[in-house]
Chemist: 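One structure follows; several queries about it will come next.
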Amino acid sequence: MSSVPVRPKDRFLVFGSPIIEQDEIDELVASMKTGWLGTGPKVARFEADFKAYKNVAHAVAVNSCTAALHLAMIVAGVGRGDEVITTPLTFCATINAIIHTGATPVLADVDPRTMNIDPAAIEAKITPQTRAILPVHFAGRPCDMDRLCAIARKNNLKLIEDCAHAIEAEYKGYTTGTFGDLGCFSFYVTKNIVTGEGGMILTENEAYAARAKTLALHGMSADAWSRFSDQGYKHYWVTEPGFKYNMMDLQAAIGVHQLRRIDSYWLRRKEIWNQYNEAFADLPVERPAEPEPDTRHAHHLYTLLINKEKTGRDRDEFLCAMHEQNIGSGVHYLSIPEHPYYQETFGWKPEDYPHAMRIGRQTLSLPLSAKLTDEDVDDVIQAVRICLKSNASHESTKRILKERK
Ligand SMILES: *Cc1c(COP(=O)(O)O)cnc(C)c1O
């Protein structure tokens, strides 16, 4: 029997639950009433609003960040025979997008403090086949862009930023997604702003944008995007075999209102982030590194590292204990070389990327949605303290862990 109190709520706090407000609902219903569900005027408006927010020349909306990454690499000329250097501490989509271009992903370990790709590790992995660098601004913390840009310039490499965590992030006064050749964004349900599924490509390069737009809609000539409008019928011409990656108006209807509130959501997440940071200062856990001066952290994830030697409980046990307190948490991420496909295909071993491996095995992300109430935040804080104090696992925690094996 355990005397550990359970969160006094019958409601489970879902990790990464977005705020959807009345404007989104009304806009979505309006789209449905017009019958224009697919790619149309609202997608064009969302692209215009997003590129104005980021102050970039071209924006192409697509149906995911995975699609954005895939297209960005293709238009940048990445393909068979090339190598693309990226981080082992990312979502599998980053790696899969490289593989789908025909190129080979190459991993460079992260800095253990910032959790971002280590520029020195990149330099050690450059070969004559290296074509591009694909950094991820992990958890919303901007990468060391001075060094990444210098490495790209010196070695004549394309630089494509995975900004899935980092819409709002800035580095020395410049906004993420604008340092390299192309920037890719996600509006998946757990991201900083959402469209359900959705993504965006940003670039200053007009030819890249035009080709990405064509490839996102079957490779049909750009006119195809307006072919069903009242301008009269137009034939389309397939100029290369493309993909089905276009965003729908139903998605953009949500996005245009989410984007208007991006700063207030960011401020709320920053406030929660700071509350967590203060509340856990005395606990035997590793908190996120302080944001770098002259940068803006996007505060996408609040991560704790759970070291069994210090807490008496490993990350998975801690995760289950949090679940029992009715708090959902996330793992971002088991390092990429932990997965069987990559081990078998590329011969990767977790131990070869020791910093990403350690973080992946110890990390846990707490709820950080702008939707959280003050009471939710207090509940999360209380749950973390309870779970760290009680060394003995619950009976049910033990059972869950056993079933997992
Ligand atoms: C979520 C995420 C992606 C994929 O985004 P989708 O929009 O779901 O395709 C890619 N990279 C990182 C780092 C992510 O977190």
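Ligands are counted one by one from 1 in listed order, and the atoms in each one are counted from 1 as well. None of these values were measured; they are calculated from a predicted model.
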Chemist: Students should be able to answer this: which protein heavy-atom is nearest to atom 12 (C) of ligand 1, and at what distance?
Modeler: Ala164 CB, 3.4 Å
Chemist: Nearest protein heavy-atom contact for atom 8 (O) of ligand 1: which residue, which atom, what distance?
Modeler: Tyr188 CB, 3.8 Å
Chemist: Going by salt bridge (Lys or Arg N to Asp or Glu O under 4.0 Å), name the pairs with one or both residues in residues 361-370, residues two or more places apart or in two chains.
Modeler: Glu338-Arg361
Chemist: Quick one: look up the protein heavy atom nearest atom 2 (C) of ligand 1 and list residue, atom name and how far away it is.
Modeler: Lys191 NZ, 2.7 Å
Chemist: Can you tell me which residue and heavy atom of the protein come closest to atom 5 (O) of ligand 1, and the distance to 0.1 Å?
Modeler: Cys65 CB, 3.2 Å
Chemist: Which bit of Val136 is near ligand 1, meaning a heavy atom under 4.0 Å away: side chain, backbone, both or neither?
Modeler: side chain
Chemist: Does His165 approach ligand 1 within less than 4.0 angstrom via side chain, backbone, both or neither, non-hydrogen atoms only?
Modeler: side chain
Chemist: Is there a donor-acceptor pair closer than 3.5 Å between any side-chain N or O of Glu27 and the backbone N or O of Glu24?
Modeler: no
Chemist: Would you check if the side chain of Thr39 reaches a backbone N or O of Met247 as a donor-acceptor pair within less than 3.5 Å?
Modeler: yes
Chemist: Can you tell me the protein heavy atom closest to atom 4 (C) of ligand 1 and the distance?
Modeler: Thr66 OG1, 3.6 Å
Chemist: Under 4.0 Å, heavy atoms only, figure out whether ligand 1 is touched by the backbone of Tyr333, its side chain, both or neither.
Modeler: side chain
Chemist: Who's the nearest protein heavy-atom neighbour of atom 11 (N) of ligand 1, and how far?
Modeler: Asp162 OD2, 2.8 Å
Chemist: Go through the side-chain N and O atoms of Asn274 and Tyr302 and say whether any donor and acceptor fall under 3.5 Å apart.
Modeler: no
Chemist: In ligand 1, which numbered atoms sit nearer than 4.0 Å to a non-hydrogen atom of Gly198?
Modeler: 7 (O)
Chemist: Answer with yes or no whether the side chains of Asp26 and Gln22 bring together a donor and an acceptor at under 3.5 Å.
Modeler: yes
Chemist: May I ask you to list the atoms of ligand 1 that are less than 4.0 angstrom from any heavy atom of Thr94?
Modeler: 11 (N)
Chemist: Need the ligand 1 atom indices (1-based, order shown) with element for anything under 4.0 Å from a heavy-atom of Thr90.
Modeler: 13 (C)
Chemist: With a 4.5 Å heavy-atom cut-off, do Met145 and Glu161 have their side chains touching?
Modeler: yes
Chemist: Out of Ile85, Ile99, Leu134, Ile336, which residue meets the side chain to side chain contact (heavy atoms under 4.5 Å, CB included) rule with Pro105?
Modeler: Ile99
Chemist: Please determine whether the number of non-hydrogen atoms from other residues, nucleotides or ligands lying under 6.0 Å from atom CD of Glu206 exceeds 12.
Modeler: no
Chemist: Counting neighbours of CZ on Phe179 that are heavy atoms of other residues, nucleotides or ligands and sit closer than 6.0 Å, is the number greater than 12?
Modeler: yes
Chemist: Is there a polar contact, in the sense of an N or O pair closer than 3.5 Å, between Ala93 and ligand 1?
Modeler: no
